[in-house]
Amino acid sequence: MEEQKVSYLDGLNEVQRGAVTTTEGPVLVIAGPGSGKTRVLTYRIAHLIQEGVAPYNILTLTFTNKAAKEMKERISQVVGKRAAYVWAGTFHSIFARILRVEAEKLGYSSNFTIYDSKDTSSILAAIIAEMRLDSKTYDTNGVKARISSAKSNLISPAAYEQNQQLMMQDRKSRRPYLFRIYKQYAMRCKRAGAMDFDDLLYQMFVLLHKNPDGVLEKYRKKFPYVLVDEFQDTNFLQYSIIKKLVNYPKSPRNICVVGDDAQSIYAFRGATIENILNFKRDYPKLQTFKLEQNYRSTNHIVQAANELILHNTGQIQKKIWSFKGEGQKIQLIKAVSDSEEGRRIAGMILEQKTRYHLKNKDVAILYRTNAQSRVFEEFLRRYDILYKVYGGLSFYQRKEIKDVIAYLRLVVNPNDEEALRRVLNYPTRGIGKGTIEMVSQLANEYDTTPWAILEKANTLGFKPKAAKSLLAFVNMIKGFQRRLATDNAFELAEHVAKKSTILAKLDQDTTVQGISRRDNVRELLDGIKDFVDNDELIDEATLPDKSLPNYLQNIALLTDQDSDKENDDRVALMSIHAAKGLEFKSVFVAGMEEQLFPSFMALQEAGGLDEERRLFYVAVTRAEEFLTLSFAGSRYRYGKLNNYQPSRFLSEISEENLEQPIYSKAERQNVLGEQRSGIKGFSKPMPRRSTLGTNTNHEVKNTADYKVCKPGQIEAGLKIEHIRFGAGVIVKLEGAGKNAIVHIDFGHEVKRIVLRFAKLKIV
DNA sequence: CTCCTACGCCTTTTT
DNA sequence: GGCGTAGGAG
């Protein structure tokens, strides 16, 4: 035992060891990127277990399933099978697990449905329509964000209505009835026996706060040791729950939170760095450990990270440093267009693979928005490089999958309104818009669920034809429900897919998308079969349960289809957000352009720029050895071509660390000077503008005001500007009329372009 | 009521 | 450029 202890503690530096072995009392670990944060967390848990703490008394909260899984695996490497009993998971999944047990105390069934973000949007859209509110002022996403934010700040619908400040804000933004939507939405969720993502946290808090049958004491006792990963990304609600569990009179306050304020990138969904400050205030006996040594990246990368984050205001003082040697300077790709960016990055990956013997999985392409992945997919395919796109719309978010799942959800919980709405007339069975609206109205009138209305369809004044269709639907679902007792998840799902005629419907569609949809449904069924056939005990505390309800509970919180087989050798394509916590030998950060990164949305919000910069900090620090930044002078957005300026972030890394910087030293001073003087948005030296506070949008040349010359004007020797490729000289004209081709020298290459399609401007 | 087409909006990031 | 919805014809 003693020896074992020594063996794992030996691999830690002084500070890390302190963070691991200080098991009693509140601990704050400020962990820079690559500083061995996960190591500290897992060793700490392992250490607790070695010291005699029961694994099931340890609660570890993370933000992603992936992080939780990794942590469990690494704990088991130190303490073996006992690791399976540790309560480690995402906030949402852990609380869902607890809420299933305690559901009845809150008036829910333990079979409650979890509404994902799309379900929420869809219900809100329906409510807004039913209330006859203008869907433009009450845009679904805006309303959703507002409700989510209310919940995250523990404001109930009733409290919302009483809150003068919120009501005032709504009146100002011409949405005075927002509180009614919130109220209605909350009522509907409850009536449907469903919780959305925020409810999983909100209801957890309510449970602990109302404390029916002493549940609060039960969980305080159950979890004497609490750990929180990525603490900088917790919101007020999450912090409040943790506080309930840990901070009370006579509590041992054995809580360890790990985070890095410089990596806080979720302020947009309510995360607040204030939690770190509050933590210091709430736990006076706090012990703080700062992990600053970076074990991940070479020095140029670390230094670049340090210098760019200096442009932010109010970071906790911290400077990361590395012993890994100078390494290679950061490379910069200047591409004229998004497709050239794709081509050059793919080419560079090929080159790096040969020159440095990198595997595909050593490489990642990171971007600000998921929509950017397409070009890279195209070129990686062309270059025969295997890749995997993470995030974006997950498998379970696809329409056809949601449709099948909706049937299954309905079988388990017929009150699930959203599932009902989705499939009541899909595949079409003669239940039209009017009928559906009437169902909804009756449900509100009788204060009951739509399902209950359907069951009594023949007594409520529906047209005979409609009533017949509705009852046929009810009988079909009831038929499925009878099988719940006997069928396993797969048998039932397959039966449902057939009998609902979903499969037949998809078979009719012979378009490419149609076939792919069908394949997806097949894949879903295969997945359910896997779930049923798999005998492996994931968690030794629970017995295998192959029922449909259990299947649905398992997938409800799966977002990334984390079927990630470790030996899958693929280049990773993902958003920077999704890359947090990961590391790669070689990282490409694409789309380094003003308006894209930093995002134009963020630039309009207070603190937005700083958050974008922290995001860039996260991106940069994912790289171990090779970091390449790239920008494109033009790219398609919403199917339209736009021109872009290089991101200001590029000018925040000095020549010491960045190869072939776009700016000379003098220019760089100039740019920094302008930024400091408060003129937003110019990342490139520009002639002085006459007006102050010029909006950056003016910098973006758009297709509309680009004056294209007529084909007849073109002749050899002319200097022109091409809308995508920039400045060039006409070399010659080939052919005439419709087929005329123009040769243009753009400096680095001569392109042949069909004259009648070329958008050229004579300079 | 169903199917087809046209139009409009979309994209910031996630559990 | 792509998806979802609205509006019209059958």
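Order of the sequence lines fixes the chain letters, A, B, ..., with proteins taken first and strands second; residue numbering starts at 1 for each chain. Quick caveat, the model's predicted, so the values are computed rather than measured.
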Counting only side-chain heavy atoms from C-beta out, which of [options] sits nearest to [X]?
{"X": "A:Met601", "options": "B:dT2, B:dT11, B:dC1", "answer": "B:dT11"}
{"X": "A:Phe268", "options": "B:dT15, B:dT13, B:dC1", "answer": "B:dT13"}
{"X": "A:His577", "options": "B:dC3, B:dT14, B:dT11", "answer": "B:dT14"}
{"X": "A:Lys136", "options": "B:dT13, B:dC9, B:dT15", "answer": "B:dC9"}
{"X": "A:Phe600", "options": "B:dT2, B:dT11, B:dT13", "answer": "B:dT11"}

Take A:Asp139 and A:Ser575, find for each the nucleotide of DNA chain B with the closest heavy atom, and name the residue whose nucleotide sits nearer the 5' end.
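Result: A:Asp139.
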For DNA chain B, whose closest nucleotide is more 5', that of A:Thr90 or that of A:Gly430?
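The residue whose closest nucleotide sits nearer the 5' end is A:Gly430.
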Reckon A:Phe597 touches a base, only the sugar-phosphate, or nothing at all at heavy-atom distances under 4.0 Å?
nothing
Base, sugar-phosphate, or nothing for A:Asp198, non-hydrogen atoms under 4.0 angstrom?
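The residue A:Asp198 makes no contact with any strand.
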Below the 4.0 Å mark, does [N] have OP1 or OP2 next to a side-chain nitrogen or oxygen of [X]?
{"X": "A:Asn235", "N": "B:dT15", "result": "no"}
{"X": "A:Asn370", "N": "B:dT13", "result": "yes"}
{"X": "A:Asn141", "N": "B:dC9", "result": "no"}
{"X": "A:Thr435", "N": "B:dC1", "result": "yes"}

Would you say the side-chain atoms of A:Glu593 and A:Gln595 include a donor-acceptor pair closer than 3.5 Å?
no
Does the side chain of A:Tyr115 come under 3.5 Å of the side chain of A:Asp199 through a donor N or O and an acceptor N or O?
no
Return the minimal non-hydrogen interatomic distance between A:Ala590 and A:Ser630, and the atom names on each side.
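That closest heavy-atom pairing would be CA-OG, 3.6 Å.
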Using whole Å, report how far [atom1] of [X] lies from [atom2] of [N].
{"X": "A:Phe91", "N": "B:dT15", "atom1": "CZ", "atom2": "P", "answer": "13 Å"}
{"X": "A:Gln397", "N": "B:dT11", "atom1": "CD", "atom2": "C1'", "answer": "15 Å"}
{"X": "A:Lys66", "N": "B:dT15", "atom1": "NZ", "atom2": "C1'", "answer": "15 Å"}
{"X": "A:Ile431", "N": "B:dT2", "atom1": "CD1", "atom2": "P", "answer": "9 Å"}
{"X": "A:Lys580", "N": "B:dT15", "atom1": "NZ", "atom2": "C1'", "answer": "12 Å"}
{"X": "A:His92", "N": "B:dT14", "atom1": "NE2", "atom2": "C1'", "answer": "9 Å"}
{"X": "A:Tyr390", "N": "B:dT15", "atom1": "OH", "atom2": "P", "answer": "14 Å"}
{"X": "A:Tyr396", "N": "B:dT15", "atom1": "OH", "atom2": "P", "answer": "14 Å"}

Please identify which of these residues, A:Val228, A:Leu200, A:Thr62, meets the side chain to side chain contact (heavy atoms under 4.5 Å, CB included) condition with A:Phe91.
A:Val228
Mind telling me whether A:Phe197 and A:His92 have parallel, tilted or perpendicular rings, with 30° and 60° as the class edges?
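Correct class here is perpendicular.
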Enter the distance from A:Glu400:CD to A:Leu506:CG here, rounded to the nearest 0.5 Å.
7.0 Å
Carefully, step by step, assess A:Lys72 and A:Thr60 under the rule side-chain hydrogen bond (donor to acceptor under 3.5 Å, both in side chains).
CA-CA 10 Å; A:Lys72 273 199 163 187; A:Thr60 305; over 6 Å; no
Report, one pair per line, the protein and nucleotides 1-6 of chain C atoms (nitrogen or oxygen only) whose separation is under 3.5 Å.
residue, atom, partner, partner atom, Å
C:dG1, O6, A:Tyr638, O, 3.2

Given A:Glu102 and A:Tyr219, is the side-chain hydrogen bond (donor to acceptor under 3.5 Å, both in side chains) satisfied, shown in steps?
CA-CA 11 Å; A:Glu102 313 293 349; A:Tyr219 287 101; 2.6 Å; yes
